[in-house]
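What follows is a set of notes on a single structure, which appears directly below.
Atom set for the values below is all heavy atoms of this structure, side chains included, hydrogens, waters and symmetry mates excluded. Order of the sequence lines sets the chain letters (A, B, ...), proteins ahead of strands, with each chain counted from 1.
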Amino acid sequence: MKVNRSIEEINEKIKTGKAVVFTAEEIIEVVEEKGLERAAAEVDVVTTGTFGPMCSSGVFLNVGHPTPRMKLNDAYLNSVPAYAGIAAVDLYLGATALPPSDPANRNYPGDFIYGGGHVIEDLVAGKAIRLEATAYGTDCYPLKKIDTSFRLAEINEATLFNPRNAYQNYNVAVNLGPKTIYTYMGVLKMNMGNANYSSAGQLSPLFNDPLLKTIGLGTRIFLGGGIGYVSWHGTQHNPSAARAENDTPLQPAATLALVGDLKQMEPRWLRGLSFLGYGATLQVGVGVPIPILNEEMMAYCAVRDEDLQAPVVDYNRAYPYKEGGELVRVSYAELKSGSITLKGQKVPTASLSSYAGAREIAAGLKEWIEAGRFTLTVPSAPLPSVEAGIKLNALPQRDPEDREVK
Amino acid sequence: MIKQKIVLRFPPHLVEKPTIYHLIKDYDLMVNILRADINPKKEGRLMMELSGSETNYQRALEWLRELGLHIMGLEQQIIWRAERCTHCGACTVICPTEALAFNRPEMTVSFDEYKCVVCELCLRACPARAMETLVDNANSK
């Protein structure tokens, strides 16, 4: 390879305002026009973006001590339960948590109008959050009950910590059954009435660095409108998924765990969502810069929707009951066209992640870099990739005597 | 000839009156009922398309107003809160009339209130809950 650029060199250019940056959408034309070698020689960074529902998200809070002090045991934020099984006034609020009073699917399909994701959105928006908590009381933490309110600026820490974000590819969900179903992939009408997907495709972070050659532990990113970092590989990380010749996965594959200070984020990019019949969650805006270290990274970033394939899966039987696999594979170009053809039938498509949002994030990150406000990081350690040989496990199902249940 | 989609709001004391009968019989209008419901407060809502001669149509509306009914255009029933919309597109495959449409290559959602038939499926299918109705009725929660 003729181009061999270091992250340090890129950062020098960013600091002097000379870095050449394109979004992962813009770069496609640049590479088509200039060719791989020239584009790699001229471009320093490609920015990516995604803005989709990401259930494995949440926030660690330290709300500070009341007087007298208290060890929170059972805690609710705007009636949504927060996990208090850590230090005294530390809490973790998950995006899918629901108030105990929510009827959930007892009133099928449930509305899930307000959950953890909505509390996070309200918190970031600076709204007052009601904290109701009880405790058993100790000699050092005597207070047993509190009902108060606080705003984000008034508490010590609020750290967004998302154990699984930015899925590298995802299923396209259809319903082969005879009635409407309500899933985390949205409302799916009977007999393949619609096909829902959830990826920004060519703009999606992990589609532009498919083997995680530049994204690693400590990579600085756009997270929720502020700055965040890659803190680990995400849960259910499966880099071993089948891959195409361009190294992009043909199934859901790699994931990222992300962390960042909630206090510098924006409600615009952290949105509480209600999935009918499924639950509450959080829509998270993520943008990752890809350093163009060489021609290989340039080729990865030039990937187009036509070259990215997603599996179509039946969410009536195949997904929930693990009966059978994918029906067919379709490209993101087909998905984004508005319809796909399945079993000779024209099926309208819709996305759950916002491509317009992904575009805006990639463009915003590009602006930050061009303005010298955002520099790139050298990862402190790589994330496990294909060579790690990770295999996804299913939960063992055993009786109380530890015998396998068939 | 005139053809209009309207919504009538019935106060509780008028809910049981045979209003449609008179629209047909006395004003010679063609009535196509799109939807009707009565809420727990016994207020009624009737969405329909009326067609007939301009004079009869205007006389009929006057009569309805005199009765004490509230008349609104159908397009005023469902509100798209653009600032809540994240432009994902999930609603566009649920909307039966393409009132909610996905624009390419912008990849944004738009709402054409004149195509809306107030089926209200979008209210709950939108994960960001960007669609709203101002009407308190039996079918929305």
* Asked: Can you tell which of Ser198(A), Ser337(A), Ala358(A), Gly272(A) has the highest number of heavy-atom pairs within less than 4.5 Å of chain B?
  -> Ser337(A)

Counting only heavy atoms closer than 4.5 Å, note whether [X] contacts chain B via side chain, backbone, both or neither.
| X | value |
| --- | --- |
| Thr180(A) | neither |
| Arg268(A) | neither |
| Tyr278(A) | neither |

* To do: Any chance you could measure Lys336(A), atom NZ, to Arg104(B), atom CZ, to the nearest 0.5 Å?
  => 10.5 Å

* Mind checking the CZ-CZ spacing from Phe112(A) to Arg124(B)? Nearest 0.5 Å is all I need. =>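 Output value for this atom pair is 10.0 Å.
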
* Does a sphere of radius 6.0 Å around CD in Glu306(A) hold more than 12 heavy atoms from other residues, nucleotides or ligands, not counting ones at 6.0 Å or beyond? ->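 It does: Glu306(A) CD has more than 12 such atoms within range.
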
* **More than 12 heavy atoms of other groups within 6.0 Å of Glu98(B) CD** =>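 Not more than 12 within 6.0 Å, no.
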
* Chi angles and distances behind the side chain to side chain contact (heavy atoms under 4.5 Å, CB included) call for Arg129(B), Asp111(A) -> CA-CA 10 Å; Arg129(B) 301 296 164 118; Asp111(A) 270 301; 3.0 Å; yes

* Asked: chain A: which of Pro105(B), Cys126(B), Ala125(B), Pro127(B) shares the most heavy-atom pairs with it under 4.5 Å?
  -> Pro127(B)

* To do: Look at the side chain of Ser354(A) and the backbone N and O of Thr86(B), then say whether any donor-acceptor pair between them is shorter than 3.5 Å.
  => yes

* To do: Could you tell me whether a side-chain N or O of Arg271(A) sits under 3.5 Å from a main-chain N or O of Arg84(B), the two making a donor and an acceptor?
  => yes

* Toward chain B: residues of residues 338-353 of chain A with heavy atoms under 4.5 Å ->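 So the qualifying residues are Gly338(A), Pro348(A), Thr349(A), Ala350(A), Ser351(A), Leu352(A), Ser353(A).
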
* Asked: What residues of residues 120-127 of chain A sit under 4.5 Å from chain B when you count only heavy atoms?
  ->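 Those residues of residues 120-127 of chain A which have a heavy atom under 4.5 Å from chain B are Glu121(A).
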
* Quick one: which residues of residues 10-28 of chain B reach chain A at under 4.5 angstrom, heavy atoms only? -> none

* To do: Could you tell me which residues in residues 87-97 of chain B have at least one non-hydrogen atom under 4.5 Å from a non-hydrogen atom of chain A, sorted by residue number?
  =>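 Only His87(B), Cys88(B), Gly89(B), Ala90(B), Thr92(B), Val93(B), Ile94(B) of residues 87-97 of chain B have a heavy atom under 4.5 Å from chain A.
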
